[in-house]
Each structure stands twice: as structure tokens, then as C-alpha cells.
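Throughout, numbering of the chain's residues begins at 1 and tracks the sequence.
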Amino acid sequence: MKPFKLLLLNIVLLAISLHTANAAGLSYDFPLYPYTRDLSQTMVYRIMLRCALPEDRSNMDMQAVATYMRKIDCITRGIPKVVVLGGYQKDGHDHTYPAWLPADDDFTAPGRRKGKEALLWLMEEAKKYNTTCTFHVNPFDAYEDSPVWNEYVEKDLLCRNSDGSLVRGDVWWGRQSYFVNLVREWNAGVTQQKIDALIEEFPMLKETGVIYFDNQTQYPASPKHRTTKEDEISAIKRVAQYLKEQHGIQLICEYADPQLYGFASTGITWDWNESLNVVPMETPAYILCGGRNLTHDNLLGQTPDLTKRQLQVFGSSVQLEDIQFQDDVSKVLREFTHHTLPYFYMNRLLRMNLTQGPAYEMELTLSDNVVSRFESDNKHRLYRDGLLLKDDYDVFIPIYWVNHPEIMAYSLNGGKKVWSFPREWEKVEAVDLYKFNDTYLTLELAQSNIPITEKELSLELTAGEGCIIVPTGININDGTIYDNSPAGKAMFINEDHTTQGNWLKRYGTIGYDVFGYEKRLPDYISANYAGDELNVLDERSQNKAALQLPDNPTTRIEAVRASKLHQTIDIYTDKEQAVSLYFADYKQKNCQILVEIIEPNTRQVLDARIIHSFSDGIYLSYNIKGHVLARLTRFFHDGYRGRNGYGPEGDPDYPVCSGIFFDEKVPTAENTIDAPADRLSCYTDPVSGQLIIDADIHDATMANLQIHTASGNLLYRQTYDIYGQQLYLKLDRNILNATGRGIIIVSLDTYNSSLKEKTIY
């Protein structure tokens, strides 16, 4: 396995590089986590604009589409949403591929807008409803009536059988599809051109931060070109890397494909059981989550498949592509309360343990005393503190993203049911009840000042009816947690591989917690733990990586807080402090940990990095003020394998942490010393012949790259956005207009620094 190259990060982007290439595939860097958006807390759904056939119903009026988005926003109480627009391109869904442009010219919007302008209006209008838009594109399919068909044939960019005939895909809407050879398309520069052109035409895609690939698990081979399924997977990963590095856009896909672990964050629509190939106790939803699946739900006319009960126990979100949801918006409420609401609620918690009964019973225990069960009567129920939150299709679940206490209730079949209020409502004596009006454009007060008796509410709803419950007098339109300032802030300082367990006089001058021995913190600092178990491995260790005892430096302790999947450290300090976490893989069990500092309310990633090979111990230090969570997650080295085995089989062991230390804030000047200076490295890849430019850029968001010959002739000039404090480029010889070998001068300028390096190319 090739070594990781650990890099500094900015507030949301991680750059950690494991350079990989298949025999005939494309090179890529693993992983691309953290993603630009956490889709475990962002509702993603689809709207079909123009359908494949003229007789199918289409959404050509963007004003009507915007109204539908407004209704969904009302139902979902302002949760962040991404809508995937299918059939945005000329002639609609499953037409014109492999072309992604132009937009269909028959769309209309207010102000006599048509075509592209109408679509741009919709994308802007959607923001009013806590929604941003992206597009459904298909990188695989090609049709003979596409405007670029001849180009793909002439450039030999389609998959071919051994006899040279084209590899056929499925027949969609009566039209034969063929497969694009993704490796050849990339090498010809056509993929990059398609991506760049789409984003130039619709720059708001950068604001959305994701783009959707349809049917991404096809991965067609091309025997004639000797490209395999694995080569095609490598091409998708390279495309994902290009999208993120060049445009700050994350790839999302139709299916939760374990082969794209670390690259594509989720399968968000027709999951078709792909997420069942992932062990959910090995992959939390913020890394890889599945989408809407029909096999465990009879609400869409399907027969429940009890063997797939994990899709309810762990949850799933919505799809909403079917036109029936626009025709009857009450079905959106049904889907949201049965799927997204409990799913997102559980996604904020830590997965602790999973057990299965003799038949189809399944129980998932989560942090905060929450249990998700598929019970012997073949119904899913969700409990907290032993009290029901969800009883099959009836729910009474807190809405955690609004700025006040709120519960959403729903009943599929109607009737009277007694619900218990959660512990946070202990002092609430009366509540107001709001119901959705007939249009689902607003909520209306239905009952006020309803007394609470014995912390319970007897609630009667008609079939398919939903409502929200708030303490009496609450303003239900006071915004969401996403409108608020962060509860805390964090800035990475450095990592320390040399101190090992000799922390005394170096760390913990204000306070510390040496796990398994002593916790000593001042009143204004707290550190609390969730999701882990404390394991004391050796109370009198001779290992230099083991932490010294604070009152006896000659004695050391090996102790860890460990978890099966992930754990959190809840940190609060009302003063800005340097906070250091210490990690040691004492038993050399091949640990690899994703270490994130996150905002506790929105779960925004403030800093993220992956550590491995730390049997000698490593400190990660941050300046922190306020309230943050340190989230530690087991992460796979070079892609998910899901063997349920650790160590010798190659998969990483459980995450571990051994201590936390508090010191005075590290001044900015020290930050500058501890953090590496801006750096530029240039060299020629001996295999591909490409010019590799690898730079670390700090405190700058843009850099101007220029390449000259030794005599001063300009070969290349381009301005790049800086993501993750790194710029990593591969430039082909044809881009530089370079022919023979010679000395070139590479210059990289930011507003803080000017870097130059000579190399032979």
C-alpha cells in the first residue's frame, strides 16, 4: 500500500492523498472526504422537468415547479434541501446523452423567460425555500440521435466488443442506448470539457455543491480497448476528483455504491438494494448512506421484503420523483415523516450496537438512549428513554433544526393515540397545535393552550394528517439552527509525532484527562464522551507511547476510549484554548481514524484529517473556543471492503483515543511557525509524461499559475481556487504546447507569497 500524504485543511475540505491507478484505468487520490455537503443532514429529492416521451407529463412551467418546492419546504420545516432536476437538457430525460447541454428551450418562467433563462430563474427562486438545485446527468449512456454522436464515433469514445461492434446498453423509452468508454473519454479531454461547459453555463451548481450521476453502477467494459469494469470505476473516481478540485463540487449518485466509498457521498434515489452491500455498522451515514428503497415499504404499492429490514432500522430518505407527489402533496408529508424525519434524527446519533433475533427482529442501539427496532410483528418502531417516537407509520418525533422546541406528529390510518413528551419538555405545561392548510403552503393554528397531563398528550388525527406541536406562545417562524452563529470555532494548529507519552510540562498546563487515570479540568472547561468504552490495557506500561501519570512521571498507562464505529468528545471552553487530542495504537491493530471537529448543532465540519500508523503516538492540536464536538470514526484505508474483520485482513481496527489536554491559546505567530510555509514542487510523471504540480498554500483562496520556458516564453497561465490548502495539478504536454524536453520555470503567486521552481519537462 502506498503511503498517505497528510496535508493541512481549511474549514471544510480535507486533502489526503493515496495515489492509485489501475492497469488501464485513471489515477486518482483517495479519499475525497469530507464532502462539500453532509447529505445525511440534507434532504435530497428529485423533480422531473421534461420527460422522455412527448405523451408523458412534463414540468415546463418553472413557476409551478417553484410552488411545489415551496410546499415541500413548508412540510419539511425549512430543513436544507437539494433538488435534482431531471430532464433539464434538450428534449428531456434520457435524450441527447452523452451531451449534457444545451438546456431545453421550452421551459417558461415569469417575466417571459424561456429555456435556460427560465431554468436559471428557478434555481434562484429555489433558495427562498431552503433549496438549491443540481442536475441529473448520465455519464454512461449514448444515443444515436445525440448531437455529439458522430464526434464520439470518430474519436472512438464508445465501448466496443472484441469484434469492434458497439456495446449496447438498455433500451430506454424505445431508444437503444450504447455505452461511453469513460477512460478514453477522459484521456481525450472530452469529460473535462463537458463538466467545465455545464458549470460555466450554470455557475449556481457551485453553490449547491453537488452534481448527480445517474445509474453509476453500470461500469461497462470495452474488450476492444482492453478497458475493464475496474478501469471504468477508476474513471468515475477521477471525475469525482476533478469536480471537487476544480469546481468544489461533490459527486453524488443514484446508488449507494460501496465501490465509491470515500468518493461519492450517497445514493439518494432508487437505491435498488445497493446499500445492502454496505455494513452500516462500518459506514456511518455522513460517509456513505443509502437512498429511497421500495422493498421495505408498501406505501408505493410494493410488497415489503422482510429480509431487507435494515433499510428501516437504519433508515432512508425520500425520492419524490413520481408525479403522484406533485398531484397529491399529502404524500410528501407521508414520505417525509416515515422516512426522512426518523432517518435524519438517527443520523445525528452514534451507532452503538446491532443485534438480530431468531426471525426478522433487529435492534439498533444508538447514543442518547435511542433504540430502533424491527419487531416480531414486522413493524418498525423508534424509542427514546423507552418512550415511542415512531410506531410503524405513526410518528411523534422532535424537529431538532428549528430554533424552538417542536414535535412533528403524523398518522397514516388516523385515530387517537397517547404520546409521551421527551425529557427536554419536562417544564412545558401547555402546547399549541398547528396543522398544514389545504395547499400545504403554510401552517395554521388549530388548537392553543392544550394542557399537558402527566407529560403526555392524547392526540387525535384523521388518516394521512400531520401536525406540529410547540410550547404555548412559541413563534413557529423564528428560523432554523442554520441561521445562527456557530456554537464554537476551531482552528488546527499542528500535529506532534515526537513527544509520545511524555506530555508533562508540554501539554495539559490548564487541564487534562488522562483516560483510565485522572481527569482534572477547571470549571470553565468540560469534556464529555459518548459512544465509547474505556479500556485500560496496561496500568504500568513500559511503552514510551503510553501516557505518563501526572503524579508519577516514571509510570505510564495504556488506556483508550474505543468504539465499534465512531465516538464523540463534547468539548466546551468559554475561553479560547489550545486543545490537544492524543492517539496511540498501542496494540498495532492497523487503526485508521477520521478525526473531525464539528459544530454540534448543524454538524458542519470545521476541520477534518485522517491519521494512521500511530503506534508511537500522535497529538492533534487545535485552538478552540465555545462548544464543539470531536468526532472519531473508523475509516478504511483505500476503499471499503466490508469484511467484518480487522488487522491481519487489512481492514482498520476500531477508533481509539487516550487523552485530551488543555493549554493556553497558541498565538497567531506560533501558528505561522508550527504550520508549514507555502511550498511548491514540480516534476514529470515518468509513466504518463504529465507535469505534476504539488503545492501547499496557506491563508489564500486563489493562486495564479504561470509556466515559462527558460528564455521567457509563456507556455501556460491559469488562476485556480485553493481547496484544502493544496493545489495538485496534472498538466498534459499538449496543454503546455511543449514538444521537446527543456527547462521550464513554474511560478505560483498568491497575495501572500510568490513561489518559483525550475524543472525539466
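- Every ring-ring contact (aromatic ring centres under 6.0 Å, His included) that W186 has, sequence neighbours left out, goes to Y242.
- S177 contributes no side-chain N or O that, together with a main-chain N or O of Y143, makes up a donor-acceptor pair within less than 3.5 Å.
- With sequence neighbours excluded, the residues forming a side-chain contact (heavy atoms from CB on, under 4.5 Å) with K206 are I199, H247, I249, D721, listed by chain and number.
- Contact annotation: the side chain of I47 never approaches that of L320 to less than 4.5 Å [non-hydrogen atoms, C-beta and beyond].
- Atom CD1 of I722 sits about 10.0 Å away from atom OH of Y720, to the nearest 0.5 Å.
- At a threshold of 4.0 Å, the pair K194-E185 counts as salt-bridged, since one of the basic side-chain nitrogens sits closer than that to a carboxylate oxygen.
- Stacking of R238 on the aromatic ring of Y28 is not recorded, the 6.0 Å distance cut-off and the 45° axial limit not both being met.
- Applying the salt bridge (Lys or Arg N to Asp or Glu O under 4.0 Å) rule to pairs touching residues 88-98 yields K90-D105, sequence neighbours excluded.
- Between the OG1 atom in T227 and the CG atom in L182 there is a gap of 9.0 Å [rounded to 0.5 Å].
- Taking the ring-ring contact (aromatic ring centres under 6.0 Å, His included) definition, one finds that F314 meets it with nothing, sequence neighbours left out.
- Residues meeting the ring-ring contact (aromatic ring centres under 6.0 Å, His included) test with Y178, sequence neighbours left out: W149.
- The aromatic rings of H93 and H136 sit perpendicular to each other, their planes meeting at more than 60°, with 30° as the lower class boundary.
- Looking at D156 and R160, a side-chain N of the basic residue comes within less than 4.0 Å of a carboxylate O on the acidic one, giving a salt bridge.
- Listed for the N161 side chain is no donor-acceptor partner under 3.5 Å among the backbone atoms of D163.
- Remark: E117 pairs with no residue by the salt bridge (charged side-chain N to carboxylate O under 4.0 Å, His left out) rule, at least two apart or across chains.
- Shown are Y88, W100, F213; of these, the ring-ring contact (aromatic ring centres under 6.0 Å, His included) with F135 is made only by Y88.
- Of the charged side-chain nitrogens involved, none lies within less than 4.0 Å of a carboxylate oxygen, so that R184 and D231 do not count as a salt-bridged pair.
- A distance-only check finds no donor-acceptor pair linking the side chain of Q592 to the backbone of I610 [under 3.5 Å].
- For F325 and Y68, the ring centers are positioned 6.0 Å apart or more.
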* To do: Would you sort out whether R175 and V171 count as a side chain to side chain contact (heavy atoms under 4.5 Å, CB included), showing the intermediate values?
  => CA-CA 5 Å; R175 299 159 64 249; V171 176; 5.7 Å; no

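- Counting only distance, with no hydrogens or angles, the side chain of Y35 and the backbone of I287 share a donor-acceptor pair below 3.5 Å.
- Below 30°, between 30° and 60°, or above 60°: for F636 and Y261 the angle between ring planes is above 60°, a perpendicular geometry.
- Taking 4.0 Å as the cut-off between side-chain N and carboxylate O, E335 and K331 do not count as a salt-bridged pair.
- Rounding to the nearest 0.5 Å gives a distance of 7.5 Å between CH2 of W121 and CZ of R113.
- With a 4.5 Å cut-off on side-chain heavy atoms, E201 and L101 count as touching.
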